[in-house]
Protein chains: 2
Amino acid sequence: MSERTKIVLDESKLPRAWYNINADMPVPPEPVLHPQTLEPVTPDFLSVLFPMSLIMQEVSTEPYIEIPEPVREVYRLWRPTPMFRARRLELALDTPAHIYYKYEGVSPVGSHKPNTAVPQAFYNKEAGTKALTTETGAGQWGSALAMACNFFGLDLEVYMVKVSFEQKPYRRILMESYGAQVFPSPTEHTQYGRSVLAQTPDSPGSLGIAISEAVEVAATSGGVKKYSLGSVLNHVLLHQTVIGEEVLQQMEMAGEYPDIIIGCTGGGSNFGGFTFPFLRENFKNGKNTKVIAAEPAASPSLTKGKYAFDYGDTAKMAPIVKMHTLGHSFVPPTIHAGGLRYHGMSPQVSALVEHGYVKARAVPQLDTFKAAMTFARSEGIIPAPEPTHAIAVAIEEALKCKESGDAKVIAFNLCGHGHFDMAAYDTYLKGNLEDYDYPEAAIEAAMAELPQVG
Amino acid sequence: MSERTKIVLDESKLPRAWYNINADMPVPPEPVLHPQTLEPVTPDFLSVLFPMSLIMQEVSTEPYIEIPEPVREVYRLWRPTPMFRARRLELALDTPAHIYYKYEGVSPVGSHKPNTAVPQAFYNKEAGTKALTTETGAGQWGSALAMACNFFGLDLEVYMVKVSFEQKPYRRILMESYGAQVFPSPTEHTQYGRSVLAQTPDSPGSLGIAISEAVEVAATSGGVKKYSLGSVLNHVLLHQTVIGEEVLQQMEMAGEYPDIIIGCTGGGSNFGGFTFPFLRENFKNGKNTKVIAAEPAASPSLTKGKYAFDYGDTAKMAPIVKMHTLGHSFVPPTIHAGGLRYHGMSPQVSALVEHGYVKARAVPQLDTFKAAMTFARSEGIIPAPEPTHAIAVAIEEALKCKESGDAKVIAFNLCGHGHFDMAAYDTYLKGNLEDYDYPEAAIEAAMAELPQVG
């Protein structure tokens with residue numbers, strides 16, 4: 001083992017632009033609809049929640065959007081992130097495949113989420129926003145935005161799903177360390193929160209409820225507060241493409257080009273950020289990389305959902321988009337990969353899967369933890385529960401190479417470390433991890449509530 | 001801010017040798033004494049606990065010891081580690097000083113401890129050892145050794161202080177994820193553990209008790225199991241010099257040389273690893289860097305202890321060395337920097353302080369967390385409680401520069417992230433953090449129990 005293990009980009013190679021896949025989408029975009037009128041939304045409607053610069057990115061068809069220098073300055077605190085050749089994993093699997101992984105866990109909050117949190121805070125600050133609101137489940141997104149708001153001098157209110165607020169205090173404390181205010185949702189602060197509590201005083205909360213609360217607070221603040229979302233939307237995914245743009249350079253340094261790339265996907269921000277630059281190369285530069293989206297079997301929007309118009313949130317306050325959905329009223333089982341527990345999916349990722357440019361695969365929870373242990377014991381890093389889905393698929397593909405004798409090049413994104421998720425590993429190691437059945441009845445019931453559009 | 005923020009060494013610059021300060025110590029070494037006979041120990045006595053290769057490193061006076069290639073292969077999973085220019089911290093302090101920090105938190109377990117865990121596992125494997133035993137407090141050392149033993153196929157038994165085992169399960173789970181067995185000490189496994197439990201059935205344990213248990217298990221295993229220590233000894237400190245050797249190269253890349261370097265110190269492994277290569281430059285190459293050891297005011301061996309012969313452990317089973325000690329029976333207050341709660345100190349670090357080559361400074365707990373917040377809100381990274389001591393001194397020195405107008409170059413080692421220590425930050429943010437008084441009476445009582453040597 002004499003070749004390079006860690007492929008490190010010099011700071012001077014930090015990308016100068018994000019990539020906007022809207023410019024090269026092989027299928028025309030579907031309109032975004034107003035949640036009440038079901039008519040296409042206007043920028044005015046969105047401007048209650050977002051600054052105009054982010055709305056313009058949301059609808060832009062320019063291929064590249066320059067990364068502002070103050071954002072790059074913050075990125076430099078941890079970017080470029082390293083890419084690794086997983087030699088020990090290859091040996092453990094006895095595969096001829098070359099396995100690479102990009103590692104986003106070196107960010108100060110341990111995940112890829114700051115890649116969009118930082119520009120969102122920056123553009124809001126520029127637009128005169130004083131405070132942001134957001135929701136968070138286990139706290140990965142909330143802690144990234146808390147760090148970003150601290151850097152740009154914005155206040156932040158985080159509505160954190162109550163059951164996570166109580167059971168997973170570490171990320172809550174992380175948010176508070178950066179100066180954010182964190183509330184267990186549902187709260188008494190909002191009309192929607194109060195209505196939930198009136199009906200269910202001991203509600204454990206849900207991501208859908210928390211989104212609705214954060215949106216309501218921003219929408220009723222008279223323009224003082226804006227709302228920030230950590231996934232699904234185009235501007236979020238494009239900020240994350242800094243990952244894939246770095247990987248393209250790093251693969252070149254390694255002297256290889258991937259045959260297969262894999263990202264886990266919940267709302268799509270990690271997946272899009274990692275894979276969209278490679279899809280551009282497929283669309284425009286004659287490359288032919290197989291792109292696989294790995295999702296949880298317990299929340300299988302891409303593999304079992306319907307490609308249809310649906311609300312982004314449970315309370316039907318967010319816009320309606322065309323996407324793979326399990327129904328906005330579907331509450332996914334409580335798998336440990338909290339970041340993948342979403343009923344819908346990025347419209348871009350959905351369209352790419354629908355038209356065959358991206359393959360989707362669902363992985364049961366037990367398989368993901370088994371893959372995580374194989375990975376951790378060979379590469380050392382304990383992965384967050386979300387990227388274990390990508391690891392499981394990467395191992396599956398590497399073992400196919402062992403069968404066939406093909407030395408394929410496989411790359412995946414390790415979007416976060418698991419140091420905040422050790423309780424999940426404890427459950428697994430004790431043999432108590434549940435392997436949820438595909439929640440067919442709940443999904444069928446939720447499907448009946450899709451909005452009737454067109 | 002256009003200059004480089006992150007100074008990254010290419011993998012090809014990973015050091016090929018550790019530095020052994022014994023070769024250049026300006027003062028002659030003191031003998032190591034047998035705990036029962038008080039006579040100088042023989043390699044035979046030590047060989048019950050350690051393989052001969054590590055014993056030879058312990059007593060070596062060669063300046064450089066080659067890092068074996070299998071160890072470098074594992075190092076490459078996270079080394080070389082990045083060094084940062086703390087530009088945002090400089091701005092926050094409004095200081096003309098240039099502040100740099102080396103960041104060891106990128107290792108898979110989040111600290112510098114694997115730098116010695118990996119070679120210790122390697123040399124034991126080479127010597128035919130089947131299993132290692134060790135103690136751990138909060139689990140930083142135990143998790144590093146667990147990862148290392150997993151890589152080299154050794155079994156590992158970790159005796160973890162019971163109160164930490166119960167209150168801080170995350171690092172315990174991390175150790176188990178790598179395949180180690182973790183026991184809450186005192187246990188019924190050992191004669192010493194049983195004697196403690198007979199006297200105090202609900203004993204919360206202590207590092208001293210845990211060391212004694214781990215040593216007893218190895219010593220009575222008939223050579224099957226050896227014992228591994230994470231600090232204090234010369235071979236441990238020399239393995240850690242890979243840190244300082246990298247920093248020397250990184251400072252050269254930055255085009256500066258430090259006027260002041262700072263490391264936190266408990267047993268001395270982080271401090272020695274970071275500073276010894278710079279002390280070599282002071283001793284041999286005409287450099288004049290000021291070297292500061294930052295220790296907790298609640299466990300102030302260097303600033304308030306006695307430079308005397310004392311036992312390394314509470315049960316008087318470990319060898320007697322000349323060091324700064326608070327007395328082997330002294331139990332430090334339960335500060336959050338668990339890695340600095342030790343009654344003694346590395347003999348090398350002690351001698352260097354005693355003879356004026358290193359300055360020592362004690363920092364109260366509240367000041368360290370205040371410094372940690374200043375750092376986290378400017379640089380993003382939440383530090384482990386141990387390096388907050390170095391951060392506090394670095395900030396103090398930077399503010400002196402602000403007064404004097406000197407643009408001094410200050411560097412410190414950020415030896416770990418605080419993602420496993422968020423409960424401590426919660427206590428601080430809620431205003432409940434205790435600022436222990438200097439435990440004068442307890443130290444005086446312990447001093448009375450020093451062995452009568454010479």
Side-chain angles (χ1 to χ4, degrees), chain A residues 1-2 4-12 69-70 73-80 82 84 87-88 103 105-110 114 147-148 150-151 169-174 176-179 372-373 376-382 417-430, chain B residues 1-2 4-12 69-70 73-80 82 84 87-88 103 105-110 114 147-148 150-151 169-174 176-179 372-373 376-382 417-430:
Chain A
M1 302 209 298
S2 64
R4 202 176 286 272
T5 298
K6 193 146 49 99
I7 296 113
V8 176
L9 267 190
D10 187 76
E11 197 168 283
S12 61
E69 192 49 35
E73 275 301 328
V74 177
Y75 276 178
R76 287 194 188 98
L77 292 175
W78 70 95
R79 306 210 70 87
F84 293 86
R87 294 180 186 281
R88 295 181 164 267
Y103 185 39
V106 296
S107 87
V109 296
M147 181 180 78
N150 162 66
F151 283 150
Y170 270 32
R171 279 221 181 84
R172 188 255 306 158
I173 304 165
L174 186 56
E176 291 173 346
S177 297
Y178 292 123
M373 293 308 303
R377 292 197 180 177
S378 35
E379 296 293 315
I381 300 170
I382 306 279
H417 70 56
H419 289 178
F420 289 109
D421 307 282
M422 295 312 301
Y425 282 91
D426 200 31
T427 308
Y428 174 75
L429 289 168
K430 287 184 172 140
Chain B
M1 302 210 296
S2 64
R4 203 176 286 273
T5 298
K6 193 147 48 99
I7 295 114
V8 177
L9 267 191
D10 188 75
E11 197 169 284
S12 61
E69 192 49 36
E73 274 301 328
V74 177
Y75 276 178
R76 287 193 188 100
L77 292 175
W78 72 95
R79 305 210 71 86
F84 293 86
R87 293 179 186 282
R88 295 181 164 267
Y103 185 39
V106 296
S107 87
V109 297
M147 181 180 77
N150 162 66
F151 283 150
Y170 270 32
R171 279 221 182 84
R172 189 255 305 159
I173 305 165
L174 186 56
E176 291 173 347
S177 297
Y178 292 122
M373 293 308 303
R377 293 196 180 177
S378 36
E379 296 292 316
I381 300 170
I382 307 279
H417 70 58
H419 289 178
F420 289 109
D421 307 281
M422 296 312 301
Y425 282 91
D426 200 30
T427 308
Y428 173 76
L429 289 168
K430 287 184 171 141

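Any value given below was found using the heavy atoms of this structure, including those in side chains, with hydrogens, waters and symmetry copies removed. In the text below, chain A, chain B and the rest are named by the order of the sequence lines, each starting its count at 1.
A 4.5 Å side-chain heavy-atom check between A:R88 and B:E73 finds at least one atom pair inside the cut-off. Inter-residue side-chain proximity for B:E176 and A:Y425 is flagged as unmet; no heavy-atom pair is nearer than 4.5 Å. Between B:R4 and A:D10, some side-chain heavy-atom pair lies under the 4.5 Å cut-off.
Between A:H417 and B:H417, the angle of the ring planes stays under 30°, which puts this pair in the parallel group of the 30/60° scheme.
Interface remark: B:R172 contributes side-chain atoms only to the contact with chain A (heavy atom separation under 4.5 Å). Contacts between A:A148 and chain B at a heavy-atom distance below 4.5 Å are absent for every atom of the residue. Interface remark: B:P80 contributes backbone and side-chain atoms alike to the contact with chain A (heavy atom separation under 4.5 Å). Heavy atoms of A:V74 lying under 4.5 Å from chain B belong to its backbone as well as its side chain.
Residues that satisfy the side-chain contact (heavy atoms from CB on, under 4.5 Å) test with B:N150, not counting sequence neighbours, are A:R377, B:Y178. Listed by chain and residue number, A:K6, B:V8 satisfy the side-chain contact (heavy atoms from CB on, under 4.5 Å) test with A:V8 (two or more places apart in sequence, or in another chain).
With chain B as the partner, the residue from A:A372, A:A423, A:P114 showing the most heavy-atom pairs under 4.5 Å is A:A423. Ranking A:P82, A:S378, A:G110 against chain B, the residue ahead of the rest is A:S378, based on heavy-atom pairs under 4.5 Å.
A:E11 places a side-chain N or O within 3.5 Å of a backbone atom of B:T5 that can act as its donor or acceptor partner.
Taken from CD1 in A:I381 to CG in B:L77, the straight-line distance is 7.5 Å, to the nearest 0.5 Å. Atom-to-atom distance recorded for A:Y428:OH and B:S177:OG is 10.0 Å, nearest 0.5 angstrom. Distance check, rounded to the nearest 0.5 Å: CD1 of A:I173 to NE2 of B:H419 gives 12.0 Å.
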* So B:F84 and A:R76, side chain to side chain contact (heavy atoms under 4.5 Å, CB included) or not? Walk me through it. -> CA-CA 10 Å; B:F84 293 86; A:R76 287 194 188 98; over 6 Å; no
* Under the ring-ring contact (aromatic ring centres under 6.0 Å, His included) criterion, do A:Y170 and B:Y170 qualify, and how do the steps go? -> CA-CA 11 Å; A:Y170 270 32; B:Y170 270 32; 5.5 Å; yes
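Between B:P108 and A:G380, the shortest heavy-atom contact is CB-O, 3.3 Å.
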